[in-house]
Amino acid sequence: MNALLRRAAVTAAAPAMAMSLFGCGTTEEPGVRLSDDIVVGLLLPENQAARYEQFDKPVIEERIALLTNSKGTVRYANANNDADLQTRQLESMIEDKADVLIVDAVDSKAIAGAIQKADDAGIPVVAFDRLAEGPIDGYVSFDNEQVGHIQGKYLLKALKGKAGSGSGSGSASGKVVMMNGALTDPNAAMFKKGAHTELDGKVEIGLEYDTEDWKPENAKANMEAAIASLGKDAITGAYSANDGMAGGVIAALKAAGVTDLPPVTGQDAELAAVQRIVAGDQYMTVYKQYAPEAEAAAEMAILLARNMSLGAAAHTDIDTPTETSVPTVRIPVIALTKDNIKETVVADGLYTVEQICVPEVKAECEELGLE
């Protein structure tokens with residue numbers, strides 16, 4: 001299935017789930033809550049990545065309003081990458097008697113105790129984007145291992161044999177630096193697993209880092225250490241698990257005097273990353289459609305708040321380290337390079353050509369036909 005058809009399939013799934021909310025809510029179903037006065041607690045992990053407050057939060061708020069005839073309330077908290085703060089935020093929402101919680105965990109293990117408290121209080125929890133531990137009732141995310149596979153495949157494509165496998169064949173001497181995400185984020189482990197599946201045995205991984213808090217400045221410091229250890233000319237490719245860190249990686253390479261940048265991967269299709277791709281500084285990113293993911297989380301939350309089954313909304317089940325058979329929605333992902341910017345983020349309305357084609361990359365935009 002091509003990218004456009006995949007996006008169409010995902011987008012079509014959202015209205016179907018929405019209809020299930022209205023189609024099943026009848027007085028004939030015992031225990032179903034008909035009131036639209038639903039309080040949804042939304043807990044997001046950080047604001048380093050632009051996606052959370054620019055896309056996820058407003059989409060969830062809009063969907064909740066639609067599904068509750070504008071009578072629902074979203075109580076929002078951002079943890080700024082502080083797991084202890086997020087625990088306190090969640091416990092506060094329990095005390096305030098939220099009807100349902102949507103939680104994107106800073107630390108999937110650390111949040112388990114607070115999620116147990118929510119369960120004890122009879123408040124269902126949707127794990128959003130990251131698979132939190134504890135008694136969660138639903139899970140919505142992207143196909144995270146596939147993200148790593150796509151990143152690894154595209155890095156190999158860009159390298160074209162310029163990084164050795166380390167097997168002693170002597171076919172190439174270059175090395176890849178891997179900039180993985182935070183150890184506290186279970187998604188980071190899945191991205192890493194997928195990437196290693198593609199890269200292992202095909203390139204030589206010179207150094208690999210698990211980047212604290214996903215922070216670009218930490219990725220930049222890690223890359224500076226890699227350059228000092230390996231030498232700037234030995235680095236022929238950089239795996240970066242997301243776009244923010246890719247910016248830090250590229251900044252370190254440029255500061256070291258690298259003018260012919262090696263291919264650098266990313267994830268999230270942040271505006272700055274799309275502009276770097278246009279300019280030729282970043283090779284690719286993974287485009288994740290935030291709206292279907294956020295809408296699915298909102299729809300799961302309202303179903304749970306109404307004491308309704310997630311059967312119509314969930315595509316599959318997943319086992320967590322603490323739970324089995326959690327109803328799950330997985331959203332597919334798309335590789336984005338300079339060749340499909342117009343067909344992806346522009347066609348979907350994520351960014352306009354005017355937003356992408358700032359004066360610094362105007363000439364490159366014209367070459368790519370972005371007009």
Side-chain angles (χ1 to χ4, degrees), residues 2-8 10-11 47-59 62 142 147 150-151 153-155 157-160 179 214-217 219-220 223 237-255 257-294 331-371:
N2 65 35
L4 290 174
L5 288 176
R6 283 200 302 272
R7 291 203 301 281
V10 172
T11 303
N47 53 20
Q48 292 284 325
R51 59 163 294 189
Y52 294 113
E53 298 198 2
Q54 187 175 351
F55 300 112
D56 295 320
K57 177 177 178 285
V59 170
E62 289 169 11
F142 295 98
V147 170
I150 289 173
Q151 292 169 323
K153 285 179 179 178
Y154 272 74
L155 184 56
K157 179 181 177 181
L159 287 170
K160 298 176 182 176
M179 204 66 62
W214 289 94
K215 289 186 176 179
E217 58 265 35
K220 182 175 183 288
M223 195 65 189
Y239 168 84
S240 173
N242 80 352
D243 288 335
M245 296 194 308
V249 166
I250 291 166
L253 289 165
K254 287 186 172 183
V258 178
T259 54
D260 186 11
L261 291 169
V264 179
T265 67
Q267 175 184 188
D268 293 331
E270 292 187 355
L271 179 58
V274 176
Q275 290 167 339
R276 288 194 297 266
I277 290 170
V278 170
D281 289 347
Q282 184 171 326
Y283 177 64
M284 64 82 69
T285 185
V286 176
Y287 172 38
K288 304 189 299 188
Q289 293 177 293
Y290 302 122
E293 185 195 28
I331 309 296
V333 297
I334 303 163
L336 186 151
T337 69
K338 65 181 181 181
D339 297 323
N340 65 343
I341 292 171
K342 186 181 288 188
E343 293 80 14
T344 53
V345 292
V346 174
D348 288 353
L350 191 67
Y351 308 121
T352 65
V353 170
E354 290 73 23
Q355 286 176 303
I356 296 168
C357 296
V358 293
E360 292 82 358
V361 294
K362 184 173 178 58
E364 291 85 353
C365 277
E366 290 175 355
E367 290 180 11
L368 295 174
L370 290 173
E371 300 171 357

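Residue numbers run from 1 in the order of the sequence given.
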*How about Q54 and Y290: do any of their side-chain heavy atoms sit closer than 4.5 Å?*
no

*Where do M284 and Q282 come nearest, in terms of heavy atoms and distance?*
O-NE2, 3.1 Å

*Can you find a heavy atom in the side chain of D281 that is under 4.5 Å from one in the side chain of V264?*
no

*How long is the span from the CG atom in N242 to the CH2 atom in W214, to the nearest 0.5 Å?*
5.0 Å

_Heavy-atom donor-acceptor pair, D243 side chain to A269 backbone, under 3.5 Å_ = yes

*Parallel, tilted or perpendicular: which fits the ring planes of Y351 and F55, with parallel below 30° and perpendicular above 60°?*
perpendicular

*Where is the tightest heavy-atom contact between K220 and A251, given as atom of each residue plus distance?*
CE-CB, 4.0 Å

*From L350 atom CG to T344 atom OG1, the distance as rounded to the nearest 0.5 Å*: 8.5 Å

*Kindly say whether L155 contributes a backbone atom to a donor-acceptor pair with the side chain of Y239 at under 3.5 angstrom?*
no

*Does anything in residues 257-277 pair up under salt bridge (Lys or Arg N to Asp or Glu O under 4.0 Å), and if so which pairs, sequence neighbours excluded?*
D268-K288

*asked:* Taking Q275's backbone N and O only, do any of them form a donor-acceptor pair with E364's side chain (distance below 3.5 Å, no angle check)?
replied: no

*Quick one: side-chain hydrogen bond (donor to acceptor under 3.5 Å, both in side chains) partners of K215, sequence neighbours excluded?*
none

*Report yes if the side chains of D56 and E293 come closer than 4.5 Å at any heavy-atom pair, otherwise no.*
yes

*Between I356 and V346, what is the shortest heavy-atom contact and its length?*
CD1-CG2, 3.7 Å

_Donor-acceptor under 3.5 Å (Q151 side chain, G266 main chain)_ = yes

*How many angstroms lie between atom CG of L368 and atom CG of D339, to the nearest 0.5 angstrom?*
7.5 Å

*Without swapping roles, check the side chain of Q267 against the backbone of A241 for a donor-acceptor pair under 3.5 Å.*
yes

_Is there a side-chain contact between P262 and L253 in this structure, where contact means two heavy atoms from C-beta onward sitting under 4.5 Å apart?_
yes

*What are the two closest heavy atoms between Q355 and L271, and how far apart are they?*
O-CD1, 3.9 Å

*Heavy-atom donor-acceptor pair, N340 side chain to E343 backbone, under 3.5 Å*: no

*Taking salt bridge (charged side-chain N to carboxylate O under 4.0 Å, His left out) as the test, write out the residues that go with K342, two or more places apart.*
none

_Would you compute the distance between atom CD of E62 and atom NZ of K57 and round it to the nearest 0.5 angstrom?_
10.5 Å

*Rounded to the nearest 0.5 Å, how far does SG of C365 lie from CD of E360?*
10.5 Å

_Could you report the tightest heavy-atom contact between A246 and S240, atom names first, then the distance?_
N-OG, 3.0 Å

*With a 3.5 Å cut-off and no angle check, do the side chains of Y287 and D348 form a donor-acceptor pair?*
yes

*Heavy-atom closest contact (V249 atom, A238 atom, distance)*: CG1-CB, 3.9 Å

